[in-house]
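See structure below.
All chains are named by letter (A, B, ...) in the order of the sequence lines, taking the proteins before the strands, and each is independently numbered beginning at 1. What's counted below: heavy atoms across the whole structure, side chains too, no hydrogens, waters or symmetry copies.
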Amino acid sequence: VPVFPWHSLVPFLAPTQSD
Amino acid sequence: TSPHGSPSSPSAGLPPFFMKGSIIQLADGELKRVEDLRTEDFVQSAEVSGELKIDSSTVESIECSRTPNAVIIQFSVGENKAQVCVEVLVEYPFFVFGQGWSSCCPDRTTQLLALSCAKLSVGDVCISLTFKSLK
């Protein structure tokens, strides 16, 4: 049975650091 | 060969870990099923991980996409309220603080993944991640 890490489930929504 | 001639999984288009019953490992090693996860599990896992930070991402708008079955969701992310747009399938589940899994089309999510979902709406606050080291 595969086990998935918790952080796969929520998105990375880091803004692009342009400023 | 499959008698039904259907090689793809029911969750085609979505990652496999959203399927009900998927085993998820928290940062402290504990195993939980995806449908049993709670807000605290994400918050505590981020604390333990050291390098990841939980952000509050508020849904600002949900618009139709040109891609079939997709929507464009605009989030206001973190303390800086950075505007971030993502294009996702309508059945893609997000985890809303204090509420749990939510998608733009909960019926479709339940149909495809067997995962119980609430309706994702403007104003909902989703869990998202950033790296702590970003300053």
| Rounded to the nearest 0.5 Å, what separation is found between the CD1 atom of B/Ile54 and the NE2 atom of A/His7? | 11.5 Å
| task | Determine the minimum heavy-atom distance between A/Leu9 and B/Val34, stating which atoms define it. | result | CD2-CG2, 4.1 Å
| So what's closer than 4.5 Å to chain A heavy atoms on B/Val88: side chain, backbone, both or neither? | neither
| message | Using heavy-atom distances under 4.5 Å, tell me whether A/Val3 contacts chain B through its side chain, its backbone, both, or neither. | response | both
| What are the residues of residues 62-73 of chain B, in order of number, with any heavy atom under 4.5 angstrom from a heavy atom of chain A? | none
| said: Given heavy-atom pairs under 4.5 angstrom as the criterion, report whether the side chain, backbone, both or neither of B/Leu52 touches chain A. | reply: side chain
| Looking at A/Leu13 and B/Ser57, what are the two nearest heavy atoms and their distance? | CD1-OG, 3.6 Å
| Would you say B/Tyr92 and A/Phe12 are hydrophobically clustered, going by side-chain heavy atoms of ILVMFWY under 4.5 Å? | yes
Identify every side-chain donor-acceptor pair in residues 37-44 of chain B under 3.5 Å, counting partners at least two apart or on other chains, and give the distances.
from: B/Arg38; atom 1: NE; to: B/Glu40; atom 2: OE1; distance (Å): 3.2
from: B/Thr39; atom 1: OG1; to: B/Gly98; atom 2: N; distance (Å): 2.9
from: B/Asp41; atom 1: OD1; to: B/Lys32; atom 2: NZ; distance (Å): 3.4
from: B/Asp41; atom 1: OD2; to: B/Lys32; atom 2: NZ; distance (Å): 3.0
from: B/Asp41; atom 1: OD2; to: B/Arg38; atom 2: N; distance (Å): 2.8

| task | Tell me, for B/Ser45 versus chain A, whether the close heavy atoms (under 4.5 Å) come from the side chain, the backbone, both or neither. | result | both
| Linked, directly or transitively: B/Ile23 and A/Phe4 (ILVMFWY side chains, under 4.5 Å) | no
| request: Report yes if some heavy atom in the side chain of A/Trp6 is under 4.5 Å from a heavy atom in the side chain of B/Ser49; otherwise report no. | output: yes
| task | Could you state whether B/Phe18 and B/Leu31 fall into the same hydrophobic cluster, counting links through intermediate Ile, Leu, Val, Met, Phe, Trp or Tyr residues with side-chain heavy atoms under 4.5 angstrom apart? | result | no
| Where does B/Phe94 contact chain A at under 4.5 Å (heavy atoms): side chain, backbone, both or neither? | side chain
| Hey, any chance B/Leu129 and B/Val48 share a hydrophobic cluster, counting ILVMFWY side chains that come within less than 4.5 Å of each other, even indirectly? | no
